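Chain letters run A, B, ... following the sequence lines, proteins first and then strands; every chain starts at 1. If you're wondering where the values come from, they're calculated on a predicted model, not measured in any experiment.
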Amino acid sequence: MVLSCFGVGLVARTGSLIISSMLLKRIEETEQHLRQFIAQHFGVELKRLTVETPPRTEFGDLAFPFSFELAKTLRRSPREIALQVAENIETPPHVDRFVAAGNGHLNVFFKRVAFFRDLHRWLHSPSAEPSGEKVIVEHTNINPNKAAHIGHLRNAALGDTLVRLLRARGCRVEVQNYIDNTGVQVADVVVGFQNLRQMSFEEIQSIAEPFDYYCWDLYAEVSKWYQEEESRLKFREQTLQEIESGEGPIPQLAEYISMRVVFAHLKTMLRIGVRYEVLPRESEILSMKFWQEAFQRLKDKKAITYQENGPYQGCWTMQVPGTNGQPDEEKIIVRSNGTVTYVGKDIAYQLWKFGLLGKTFHYRPLCQYRGGEVTLHTHGSPNEDTVWLTTTEPSPHTEPDFGRGQRVFNVIDVRQSYLQRVVVEGLRRLGFSNEADRSVHFSYEMVALSPACCSELGIELSEEDRRKPYVEVSGRKGLGVKADDLINKLFEKSLEEVNARGKALTLKQRKEIAQKVSIGALRYFLLKYTRNTVIAFDFSEALSFEGETGPYLQYSVVRAHSIFRKLEADDSEWNLSIWEKECERMWEQPNSIAELLEDNELWSLLLQAARLDEAIDQTVATLEISHLAKHVFNLAQQFNLFYHKYRILSESDPIKKCFYLTITDTARQGLLKGLDLLGIPVPERM
RNA sequence: GCGCCCGUAGCUCAGCUGGAUAGAGCGCCGGACUUCGAAUCCGUAGGUCGCAGGUUCGAAUCCUGCCGGGCGUACCA
């Protein structure tokens with residue numbers, strides 16, 4: 001049985017020990033119970049009930065506003081309906097009581113002790129093995145001609161977090177990073193080396209690291225050089241054609257440059273915990289005739305038409321339906337000189353991703369992830385830590401079965417929405433409307449530079465730019481914050497903070513902590529905004545470790561950790577193993593803690609921890625990762641509140657102590673699961 | 001021009017498929033470390049949810065118009 005990871009969030013596998021959902025299951029059962037009651041007593045079949053979170057814990061754990069809806073058809077007041085339901089409905093096993101609240105909400109109170117016990121077990125149960133449909137996530141996709149910048153970090157952080165979420169939902173996920181190694185941008189850097197630097201291949205090879213930084217400057221230089229004298233663009237044309245031909249020294253140089261830059265990107269991205277499984281390259285799409293195959297099909301299906309005259313004379317174009325009742329537009333797929341546009345190649349690539357092309361690549365191992373580093377693959381057999389590269393010839397290794405996804409996510413910024421629509425329309429016109437529907441443009445807004453950031457970088461702005469609220473990053477102009485620079489800066493600041501605190505730690509330990517803190521700060525910063533918010537990058541905000549930041553979240557877990565560390569080191573009668581035993585006893589005698597759980601502050605902390613599965617569900621449904629970030633932050637806030645208010649280790653009543661410890665552990669596990677999904681590492685201390 | 005997105009506290013942003021008194025963080029001001037770690041916590045002040053209509057029992061949320069801003073709309077990607 002193939003389970004979709006996109007339906008309602010129940011990935012339950014009967015007979016397994018995995019408890020795959022906590023709150024969602026209860027919500028669904030309660031909703032069903034209510035629907036039945038409504039059908040029986042009011043004769044109204046409601047398809048789905050809206051479920052809300054009451055504004056205050058005292059009001060209940062769930063709120064159902066259906067009475068307002070029923071009021072019309074029943075011609076009775078919502079309050080009256082809610083009261084009737086609350087008085088007459090039976091309570092399902094997990095519910096303590098139903099209450100009519102406010103002007104007509106029907107609120108639900110769970111049985112707290114049983115809930116707490118299940119929650120604690122749920123958070124300790126292992127996550128499900130991937131068994132659902134195969135999903136391909138393509139992200140990062142940086143032109144391999146310059147260093148990565150903050151915009152690319154947002155892409156990779158979002159893509160990587162999406163991957164983690166989908167895996168948590170039971171999907172089999174394949175991570176692809178497409179390499180446009182034969183495009184204009186690589187050609188431009190080749191032109192830079194040849195015409196501006198006039199360097200030999202050997203000289204280029206001996207350029208010291210960071211090579212991607214070198215190219216960053218060179219690319220900006222070449223762009224300026226073109227601008228000074230437009231006729232110089234002929235060098236780009238010439239170089240591009242030579243690269244596409246694949247023969248001679250120019251393609252070899254382009255290959256060297258692009259792969260060296262790709263390797264730099266892999267290193268940069270690994271620093272923030274991002275990994276890939278396969279790097280499909282444009283050069284193989286061309287040389288393995290993927291495009292020719294797609295082109296033939298597009299012609300056969302009359303998906304594209306040859307323009308005999310008009311402005312697009314000599315081109316092959318596709319008719320793209322206009323949005324919102326606008327007239328259709330013609331998009332050029334093949335230029336009048338016979339070369340294919342990026343979109344054309346993307347259609348071929350997209351077909352391959354779904355296994356619809358009838359062709360596939362060969363692969364060879366390119367790199368290995370090992371011990372927190374990425375190194376070029378030189379020997380040994382490939383494994384799950386291998387990054388594969390597409391090749392034209394078979395490699396001696398057993399090649400993985402990449403592609404053939406059942407669903408595809410393309411993580412690309414919103415400015416490419418139009419082109420993504422063209423690609424999807426291509427699938428549709430080839431008769432693959434099912435795949436077209438399962439091809440998702442996971443879009444997000446750009447990262448721009450705030451005016452403050454520009455002045456900090458010493459960037460002189462034009463009169464026009466100065467009037468704008470923010471300035472777009474531009475590789476062409478060399479305008480931007482390089483990813484490694486930002487990560488380095490974050491690391492330095494983290495180390496300062498760690499040094500100011502952990503005096504007893506070795507330098508190596510302090511560096512490890514600082515590294516985790518810097519990643520936590522960066523990833524949370526990139527993930528906390530909703531996708532369609534333009535991030536106007538600001539150093540002071542990105543470098544903040546206080547308030548709603550990654551380090552705040554890490555700190556709350558570290559506090560919980562330290563309690564258990566102290567407990568473990570305690571040589572008195574009350575240590576870690578006693579707690580575990582007491583904990584079992586506690587569940588067997590629910591009355592002992594029932595009274596303690598009446599405290600609404602403690603209860604809402606537990607409820608928040610339980611909402612994790614709901615948050616994951618919501619996040620995947622809306623593809624809004626900031627939602628999960630906010631959830632984890634709220635949990636951390638509630639935990640800090642609890643931590644501040646209750647003395648745990650010094651509690652003299654053994655029942656209370658056990659109870660508080662279990663709450664701490666519950667919050668800690670909830671935080672750890674959430675942070676893991678966000679790709680935020682947690683140090684043991686900080 | 002047309003399309004997409006945005007406009008919520010001084011600043012940066014949340015606000016789930018319409019629901020109870022619009023929330024955080026930062027900043028400001030004032031408190032809390034001989035205590036499980038102060039990268040923390042508590043409190044005060046701060047909002048015509050851009051404007052005007054409409055739909056609804058109910059609108060920051062949906063619809064229409066306007067104002068302001070951003071991005072697309074290339075034989076670039």
Which heavy atom of A/N177 sits nearest to which heavy atom of A/P280, and what is that distance?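 In this case the closest contact between A/N177 and A/P280 is O-CD, 3.3 Å.
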
Across all strands shown, which nucleotide pairs with [N] by Watson-Crick or G-U wobble geometry, both distances under 3.5 Å?
N	value
B/C41	B/G31
B/C51	B/G65
B/C26	B/G10
B/G72	B/C2

Looking at [N], I'd like to know if its phosphate oxygens (OP1 or OP2) sit under 4.0 Å from a side-chain N or O belonging to [X].
X	N	value
A/R501	B/A39	yes
A/R531	B/C13	no
A/Y342	B/A77	no
A/Q637	B/G25	yes
A/Y312	B/C75	yes

Between C1' of B/G70 and OH of A/Y470, the distance in whole Å: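 Taking OH of A/Y470 and C1' of B/G70, I get 4 Å after rounding.
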
On the 0 to 90° scale, with breaks at 30° and 60°, tag the A/Y660-A/Y646 ring pair as parallel, tilted or perpendicular.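 Judged by the thresholds at 30° and 60°, the geometry between A/Y660 and A/Y646 is tilted.
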
Does the plane of the ring in A/F639 sit parallel, tilted or perpendicular to the ring in A/Y643? Use 30° and 60° as the thresholds.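 A/F639 vs A/Y643 ring planes: tilted.
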
For a quick check of understanding: with a heavy-atom distance under 4.0 Å over all strands, which category does [X] fall into, base, sugar-phosphate or nothing?
X	answer
A/V498	base
A/S417	nothing
A/F545	base
A/T533	sugar-phosphate
A/A101	base
A/V343	nothing
A/D180	sugar-phosphate
A/Y529	sugar-phosphate
A/K645	nothing
A/Q313	base

Nearest to the side chain of [X], heavy atoms from C-beta on, is which of [options]?
X	options	value
A/T530	B/G15, B/A39, B/C57	B/G15
A/K72	B/A77, B/C57, B/G25	B/C57
A/C315	B/C75, B/A24, B/C16	B/C75
A/K468	B/C41, B/C76, B/G70	B/G70
A/R476	B/C76, B/C5, B/G25	B/C76
A/V184	B/C76, B/A38, B/U12	B/C76
A/S336	B/A14, B/C41, B/C75	B/C75
A/Q618	B/C16, B/G70, B/A20	B/C16
A/R48	B/G72, B/U17, B/C36	B/U17
A/E541	B/U12, B/G37, B/A20	B/U12

Give a yes or no on whether a donor-acceptor pair under 3.5 Å exists between the nucleobase atoms of [N], that is its base, and the side chain of [X].
X	N	result
A/R56	B/U21	yes
A/T341	B/C75	no
A/N107	B/A20	yes

So that I can tick it off, tell me whether A/K528 and A/E541 are bridged by a salt bridge, with the cut-off set at under 4.0 angstrom between side-chain N and carboxylate O.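 A/K528 and A/E541: not salt-bridged.
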
Consider side-chain contact (heavy atoms from CB on, under 4.5 Å). Of A/T50, A/L34, A/V44, A/V51, which one does A/F66 pass it with?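 Single side-chain contact (heavy atoms from CB on, under 4.5 Å) partner of A/F66 among A/T50, A/L34, A/V44, A/V51: A/L34.
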
